Amino acid sequence: GNSVTQMEGPVTLSEEAFLTINCTYTATGYPSLFWYVQYPGEGLQLLLKATKADDKGSNKGFEATYRKETTSFHLEKGSVQVSDSAVYFCALSDQGTGNQFYFGTGTSLTVIP
Amino acid sequence: KAGVTQTPRYLIKTRGQQVTLSCSPISGHRSVSWYQQTPGQGLQFLFEYFSETQRNKGNFPGRFSGRQFSNSRSEMNVSTLELGDSALYLCASSLASGENTDTQYFGPGTRLTVL
């Protein structure tokens, strides 16, 4: 079946620190991979996506590379800001299951000044 | 282009009552999915509707139901509310083009509190 596993949080970093949030997946077909971000009191917003192996998604300084050999899609940012404090969700969609998305449990990030 | 809208944003009900939540997808989007988000269980998939038909369903009891109208707007209904139904209910829409690259776009959610 399809599933997504994210590193457990919460994660606390100082401003300008390097961020990595690990995400691995299991899929029966050829999934697309996504990172979503949720700020307090809001819905999820798409952060970035990659649709095939070796693709790199990037947005607002965040990057993630679709690694088929390791079934991973780790999120990275070189220098985090206080405004990056949020919950981050890794997700996959597999055409074999229609439009159903599979989400990880979310990783809470707090950036302190 | 307007985003996904959900109404109401906040709702307080008592045990045993029923509730209906509404979702208007992005114009042109044909698929609507519903999720329940709680601190303990995280984000859980409820169901997905496409062309007025339920296409996928999560592992929730029959008290949770939904429907989609011809204009792609969707409603979900929870009957005989329980305290554990208190959650943020999120709606997401997508083009459902049939391509694996479809992205889901989320609304702000409806915060349901059951007393």
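These numbers were taken from a predicted model, which means no experiment stands behind them. In what follows, every chain begins at residue 1, and chains take the letters A, B, ... in the order their sequences are listed. Computation of the quantities below employed the complete heavy-atom set of this structure, encompassing side-chain atoms and omitting hydrogens, waters and symmetry-equivalent molecules.
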Engineer: Between Y39(A) and F62(A), is there a shared hydrophobic cluster once you connect ILVMFWY residues whose side-chain heavy atoms come closer than 4.5 Å?
Structural biologist: yes
Engineer: Search all heavy atoms of G43(A) against all heavy atoms of L90(B) and return the closest pair with its distance.
Structural biologist: CA-CD2, 3.9 Å
Engineer: Taking the six-membered ring for Trp and the full ring for Phe, Tyr or His, determine whether the centres of Y35(B) and F103(A) are under 6.0 Å apart.
Structural biologist: yes
Engineer: Contact part of Q38(A) toward chain B, heavy-atom cut-off under 4.5 Å: side chain, backbone, both or neither?
Structural biologist: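 Side chain of Q38(A) only, per the 4.5 Å heavy-atom cut-off to chain B.
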Engineer: How about CG on N71(B), more than 12 heavy atoms from neighbouring residues, nucleotides or ligands closer than 6.0 Å, or not?
Structural biologist: yes
Engineer: Below 4.5 Å from any heavy atom of chain A, which atoms of R111(B) appear? Answer side chain, backbone, both or neither.
Structural biologist: neither
Engineer: Heavy-atom count check: over 12 atoms from other residues, nucleotides or ligands less than 6.0 Å from R15(B) CZ?
Structural biologist: no
Engineer: Would the number of heavy atoms belonging to other residues, nucleotides or ligands and lying under 6.0 Å from CD of E52(B) be above 12?
Structural biologist: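 Yes.
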Engineer: Kindly check if the number of other-residue, nucleotide or ligand heavy atoms within 6.0 Å of CD (E8(A)) is above 12?
Structural biologist: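 Not more than 12 within 6.0 Å, no.
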Engineer: Can you say whether Q44(B) sits under 4.5 Å from chain A via the side chain, the backbone, both, or neither, judging by heavy atoms?
Structural biologist: neither
Engineer: Identify the heavy atoms of T103(B) and F34(A) that sit nearest to each other, and give their distance.
Structural biologist: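 Result for this residue pair: OG1-CE2, 3.6 Å.
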Engineer: If you count the non-hydrogen atoms of other residues, nucleotides and ligands that lie under 6.0 Å from NZ in K57(B), is the total more than 12?
Structural biologist: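 Yes - once you tally the heavy atoms of other residues, nucleotides and ligands closer than 6.0 Å, there are more than 12.
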Engineer: Under 6.0 Å between ring centres, would you say that holds for F106(B) and Y36(A)?
Structural biologist: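 Yes, the ring of F106(B) comes within the 6.0 Å limit of the ring of Y36(A), centre to centre.
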Engineer: Is any side-chain heavy atom of L44(A) less than 4.5 Å from a side-chain heavy atom of L43(B)?
Structural biologist: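 In short, these two side chains touch, coming nearer than 4.5 Å.
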